[in-house]
Chemist: 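This is the structure, below, for whatever I ask next.
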Amino acid sequence: MEIKQLITFSHAAENLNFTQTAKLLNFAQSSVTAQIKALEDEIGKPLFERLGKRLILTEAGHMFKQYAEKMIRLSEEAILAANGEEEPTGTLTIGAQESQCTYRLPPILKEFKDAFPKVKLIFKPAHSDEMARKQLMEGALDIAFIMDKVRPEGSLRVEELIKEELKLVVAPDHYNSILSLEDLKYETLLLTETGCSYRIMLEDSLKSAGVYPLDKIEFVSIEAIKQCVIAGLGVALLPEMVVKKDIKEGRMKEFAWATSDSQLFTQIAWHKDKLMTPPLEAFIRLTRKIYLSESEL
């Protein structure tokens, strides 16, 4: 049983796709298949099975995954110790929008700091996806969370993490029914900053329909937008993760939003030439795991 095989298995267990695993690790797909087969032969049980076109972990695969991750982490620690370092140190600079920092990243950060207590984390606000991409290209960020449509990337490695649903929300006592884009003409739109992907989607949809709302207010903070929605100041289009609890508890109500065919995904990105240190690789693996578990809920 080799560490290389364990790393391959760990990636395959996270994304459940041998082709994607091969791309991530710069292997031929046949190499990924051979490494998994060698592990299964040594263990004596299958780690994956196919249900139609879906690849899933077997019960043995779920159990082995926990031990594989421990062995990978222990191997990394052993190499560092042999080089005179007891624990990884250094800094990770992460770019993320306010919604990610508030609603998605805390469990990732908690688990990461438990594993790498001496690694310093620095957060830089990424108010637009273009800003995050620019900072990655310039080396100002080690890694960034981007909420955008899937599109080709040149010098960046970008992975989809989870599909984001958008909600058009108002105060619970809002007096108008919003049945179409035309109904937004006389509403006050509460908008995020210019460059935000879902603001662009809303404005593009309105423009295509020939609708030009008379009143707009722009905010830096999503939390400020939420409070203004609750207070009855206007209408906002926000990610479901931001407003799900407020809708459930009656502080907001939603109207159907199905005017765009575009799909929005939270993605993780880094420069393809970035030096992949053990903490950075561990952060990416942990992010995949946390987002995958959320998508299965």
Side-chain angles (χ1 to χ4, degrees), residues 1-40 47-50 53-58 61-62 64-76 79 88 92 94-96 100 104-105 108 111-112 115-116 132-133 136-137 139 141-163 263 265-296:
M1 190 177 298
E2 301 177 1
I3 289 296
K4 181 175 73 172
Q5 295 171 332
L6 297 178
I7 292 173
T8 299
F9 167 76
S10 179
H11 280 281
E14 286 173 0
N15 57 51
L16 297 174
N17 186 308
F18 284 4
T19 301
Q20 187 176 344
T21 299
K23 289 180 181 178
L24 287 172
L25 298 175
N26 293 318
F27 291 156
Q29 185 174 337
S30 58
S31 176
V32 171
T33 303
Q35 290 182 53
I36 299 299
K37 180 65 166 57
L39 275 177
E40 291 178 329
L47 300 173
F48 296 92
E49 63 178 333
R50 288 195 177 275
K53 294 185 178 181
R54 286 186 61 212
L55 187 69
I56 65 170
L57 282 170
T58 62
H62 279 289
F64 184 70
K65 183 174 182 289
Q66 301 174 34
Y67 289 95
E69 290 173 350
K70 290 179 182 178
M71 287 187 280
I72 292 168
R73 188 162 60 246
L74 187 60
S75 172
E76 292 169 347
I79 292 171
L92 279 185
I94 303 164
Q100 299 291 335
R104 289 265 172 71
L105 295 189
I108 297 174
E111 193 166 334
F112 181 83
F116 296 92
R133 287 185 171 89
L136 286 171
M137 294 296 295
L141 297 176
D142 295 312
I143 201 159
F145 290 87
I146 295 170
M147 191 184 299
D148 201 356
K149 296 175 285 187
V150 176
R151 58 178 176 171
E153 300 289 348
S155 298
L156 300 181
R157 293 284 299 273
V158 182
E159 289 185 22
E160 298 169 29
L161 294 172
I162 193 170
K163 181 181 176 183
Q263 293 184 327
F265 291 85
T266 287
Q267 303 162 62
I268 188 170
W270 64 94
H271 198 287
K272 68 177 184 179
D273 296 328
K274 184 69 183 174
L275 178 63
M276 301 303 286
T277 62
L280 180 55
E281 289 185 327
F283 187 88
I284 293 170
R285 285 200 305 271
L286 179 59
T287 297
R288 292 183 187 125
K289 182 182 79 172
I290 297 291
Y291 273 83
L292 179 61
S293 64
E294 179 173 338
S295 68
E296 291 175 343

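Keep in mind the model is a prediction, meaning the values are calculated, not measured. As a basis for the values below, the full set of heavy atoms in this structure was taken, side chains included, without hydrogen atoms, waters or symmetry mates.
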Chemist: Holding to salt bridge (charged side-chain N to carboxylate O under 4.0 Å, His left out), I want the full list of residues that pass it with Glu40, two or more places apart in sequence or in another chain.
Modeler: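 Salt bridge (charged side-chain N to carboxylate O under 4.0 Å, His left out) list for Glu40, sorted by chain: empty.
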Chemist: Got Ile143 and Ile284 here, is their nearest side-chain heavy-atom distance under 4.5 Å?
Modeler: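 Heavy-atom side-chain distance check passes, below 4.5 Å.
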Chemist: Restricting to side-chain contact (heavy atoms from CB on, under 4.5 Å), what partner residues turn up for Gln66, sequence neighbours left out?
Modeler: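 With neighbours one apart ignored, the set is empty.
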Chemist: Taking ring-ring contact (aromatic ring centres under 6.0 Å, His included) as the test, write out the residues that go with Phe112, two or more places apart.
Modeler: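 With neighbours one apart ignored, the set is Phe116, Phe283.
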Chemist: Is there any salt bridge (Lys or Arg N to Asp or Glu O under 4.0 Å) pair reaching into residues 23-39, and which pairs are they, with sequence neighbours excluded?
Modeler: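 Found Lys37-Asp41.
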Chemist: What is the distance from atom CD of Gln35 to atom NZ of Lys4, rounded to the nearest 0.5 Å?
Modeler: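 Output value for this atom pair is 5.0 Å.
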Chemist: First locate atom OG1 of Thr287, then atom CD1 of Ile94, and finally report the distance between them rounded to the nearest 0.5 Å.
Modeler: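 CD1 of Ile94 is found 7.5 Å from OG1 of Thr287.
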Chemist: Taking only residues two or more places apart in sequence or in another chain, which ones pass side-chain contact (heavy atoms from CB on, under 4.5 Å) with Ala144?
Modeler: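 Ala144: side-chain contact (heavy atoms from CB on, under 4.5 Å) contacts with Ala132, Leu136, Leu141.
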Chemist: Residues in salt bridge (charged side-chain N to carboxylate O under 4.0 Å, His left out) with Arg157, at least two apart?
Modeler: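 Counting only residues at least two positions away or on another chain, Arg157 forms no salt bridge (charged side-chain N to carboxylate O under 4.0 Å, His left out).
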Chemist: Taking side-chain contact (heavy atoms from CB on, under 4.5 Å) as the definition, give me every residue that meets it alongside Ile3, ordered by chain and number, with sequence neighbours left out.
Modeler: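 Checked Ile3 against side-chain contact (heavy atoms from CB on, under 4.5 Å); matches are Leu6, Ile7, Ser75.
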Chemist: Might you point out which heavy atoms bring Arg104 and Thr266 nearest each other, and give the distance in Å?
Modeler: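 For Arg104 versus Thr266, the nearest heavy atoms are NH1-OG1, 3.9 Å.
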Chemist: Could you walk me through whether Leu156 and Met137 pass the side chain to side chain contact (heavy atoms under 4.5 Å, CB included) test, one step at a time?
Modeler: CA-CA 8 Å; Leu156 300 181; Met137 294 296 295; 3.7 Å; yes
Chemist: Applying salt bridge (Lys or Arg N to Asp or Glu O under 4.0 Å) as the test, list every pair that has at least one member in residues 6-17; sequence neighbours left out.
Modeler: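 Only Glu14-Arg288 qualify under salt bridge (Lys or Arg N to Asp or Glu O under 4.0 Å).
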Chemist: Please report the shortest heavy-atom distance between Gln5 and Met1, naming the atom on each side.
Modeler: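 In this case the closest contact between Gln5 and Met1 is OE1-CA, 3.5 Å.
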Chemist: Write down the atom of Thr21, the atom of Ala12, and the distance for their closest heavy-atom approach.
Modeler: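 Scanning both residues completely, I find the closest heavy atoms to be OG1-CA, 3.3 Å.
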Chemist: List for me each residue that meets side-chain contact (heavy atoms from CB on, under 4.5 Å) alongside Gln20, sequence neighbours excluded, and say none if there are none.
Modeler: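 side-chain contact (heavy atoms from CB on, under 4.5 Å) list for Gln20, sorted by chain: Asn15, Asn17, Leu24.
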Chemist: Can a side-chain donor-acceptor contact be found between Thr19 and Gln29 if the only test is distance below 3.5 angstrom?
Modeler: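 Side-chain D/A pair, Gln29 to Thr19: present.
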Chemist: Tell me, which pairs form a ring-ring contact (aromatic ring centres under 6.0 Å, His included) where one or both residues lie in residues 9-39, sequence neighbours left out?
Modeler: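 For residues 9-39, and leaving out neighbouring residues, the ring-ring contact (aromatic ring centres under 6.0 Å, His included) pairs sorted by first residue read Phe9-Phe48, Phe9-Phe64, Phe18-Phe48.
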Chemist: In a table with atom names and distances, give each donor-acceptor pair under 3.5 Å that connects a side chain of residues 267-279 to protein atoms at least two apart or in another chain.
Modeler:
{"unit_1": "Gln267", "atom_1": "NE2", "unit_2": "Asp148", "atom_2": "O", "d": "2.9"}
{"unit_1": "Gln267", "atom_1": "NE2", "unit_2": "Phe265", "atom_2": "O", "d": "3.4"}
{"unit_1": "His271", "atom_1": "ND1", "unit_2": "Asp273", "atom_2": "N", "d": "3.0"}
{"unit_1": "Lys274", "atom_1": "NZ", "unit_2": "Asp142", "atom_2": "OD1", "d": "2.5"}
{"unit_1": "Thr277", "atom_1": "OG1", "unit_2": "Leu280", "atom_2": "N", "d": "3.3"}

Chemist: Any idea which heavy atoms bring Leu286 and Ile108 closest together, and the distance?
Modeler: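 So the minimum-distance heavy-atom pair works out to CD2-O, 3.3 Å.
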Chemist: Please identify each residue that fulfils salt bridge (charged side-chain N to carboxylate O under 4.0 Å, His left out) with Glu111, with sequence neighbours left out.
Modeler: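 With neighbours one apart ignored, the set is Lys289.
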